[in-house]
Amino acid sequence: MASHAFIHTKARFEKPAEYPERFPVPDHLVSWGSEYPEYAPPYYVSPVVIKNDSSANPAGWADPEDVSLLSEMPQQSFAGVLVHDAEGRALNPIGRTGIAGRGLLGKWGPNYAADPIITCINHGDHTVEMLAVQRKDNGQWAIPGGMVDKGEEITKTLTRELMEETGVRLDMGSGSLIYRGYVDDPRNTDHAWMETTAKHLHLDPETARRLDLVAGSDARAVRWFKLTPESVSQLYASHCALVKATLEELCREGKACVTKEEREIVERLLQRL
Ligand code: BGC
């Protein structure tokens, strides 16, 4: 899942309902390096972001709307060294999105999330399952991820989000790193975008069965979600790509956490994805 090997699509063709229409950005004009003199994206910042402006509201989670009040604009992110526009705002590392401003995202530049991916094999029907939540905001099934709190160490976020959203306490510090970088998210704009760190733990069936699942406040439901070509393709945001990368990692030779039989089940699923 390389971050620069693709041009974003959700960030150009999808948007939350409250955003204005995105200015059209054809594939060959995504890159900031391509001349596009007609480019005039609408500016949008959500009222909820303004309400949480930390320069006016000490409990707020958002940066000030006035960039000159920022102590520092980020110079780099997981996507690499960032380029800035004439007003000093960091530019989306993949390119144009058709919307200026921060939209629903609180931070100028990268907004960091963390995605804990927990899998197990169902030996009854020979399927791969993942701990997933059904999101309250759009009803889609998703990895139980969330935003990194200010100054929080990412392993802590992974462990905390897993606990808050599913009721499961596992130490994500021992998980394997699946992905770290830009996410093609429908909320992204030219000046604010999502990046995530995804870590994975594979559980043996005994441990998986013993877990008590409790849906957290952002979740309508939580369950062991059966991975099939259809269910994986309908996962939230870029979670389909994260799950595929996880399954590939599980099939790698020498993974002690998977038995030979389990690896064959994962390989059969991967061939169908
Ligand atoms: C979600 C993560 C997701 C990220 C990027 C966050 O709001 O909680 O699961 O990976 O957005 O789409």
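When a ligand or atom number is given, it counts from 1 through the structure's own listing order. Note that the numbering runs from 1 along the sequence shown for the chain. Quick caveat: nothing in here was measured; it's all calculated off a predicted structure.
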> Which of parallel (below 30°), tilted (30 to 60°) and perpendicular (above 60°) describes W193 and Y182?
Replying inline: tilted
> So which protein heavy atom does atom 3 (C) of ligand 1 come closest to, and at what separation?
Replying inline: H239 NE2, 3.4 Å
> Can a cation-pi geometry be assigned to R96 and F23, taking NZ or CZ under 6.0 Å from the six-membered ring centre and within 45° of the ring axis?
Replying inline: no
> Counting heavy atoms not belonging to R169, are there more than 12 under 6.0 Å from its CZ?
Replying inline: no
>> Using a 4.0 Å cut-off to any heavy atom of A237, which atoms of ligand 1 qualify?
In response: 12 (O)
> Quick one: ring-ring contact (aromatic ring centres under 6.0 Å, His included) partners of H200, sequence neighbours excluded?
Replying inline: none
>> Checking a contact table here: which protein heavy atom is nearest atom 5 (C) of ligand 1, and how many Å away?
In response: D185 OD2, 3.4 Å
> For ligand 1, is there an atom lying under 4.0 Å from some heavy atom of E161?
Replying inline: no
>> Can you report which non-hydrogen protein atom sits closest to atom 2 (C) of ligand 1, along with the distance?
In response: D115 OD1, 3.3 Å
> With sequence neighbours left out, which residue pairs that include part of residues 31-41 fulfil the side chain to side chain donor-acceptor pair (under 3.5 Å) condition?
Replying inline: Y39-D190
> Under 3.5 Å, N or O to N or O, is V183 touching ligand 1 that way?
Replying inline: no
> Counting from 1, what ligand 1 atoms have a heavy atom of G146 closer than 4.0 Å?
Replying inline: 8 (O)
>> When you group the ILVMFWY residues by side-chain heavy-atom contacts below 4.5 Å and let the links chain together, are V183 and F13 in the same group?
In response: no
>> How far is atom 7 (O) of ligand 1 from the closest protein heavy atom, and which atom is that?
In response: R187 NH2, 3.0 Å
> Among protein heavy atoms, which sits nearest to atom 1 (C) of ligand 1, and what does the distance come to when rounded to 0.1 Å?
Replying inline: R135 NH1, 3.9 Å
> Where do R252 and E249 land on the salt bridge (Lys or Arg N to Asp or Glu O under 4.0 Å) test, with the steps shown first?
Replying inline: CA-CA 5 Å; R252 263 209 211 122; E249 169 70 18; 2.6 Å; yes
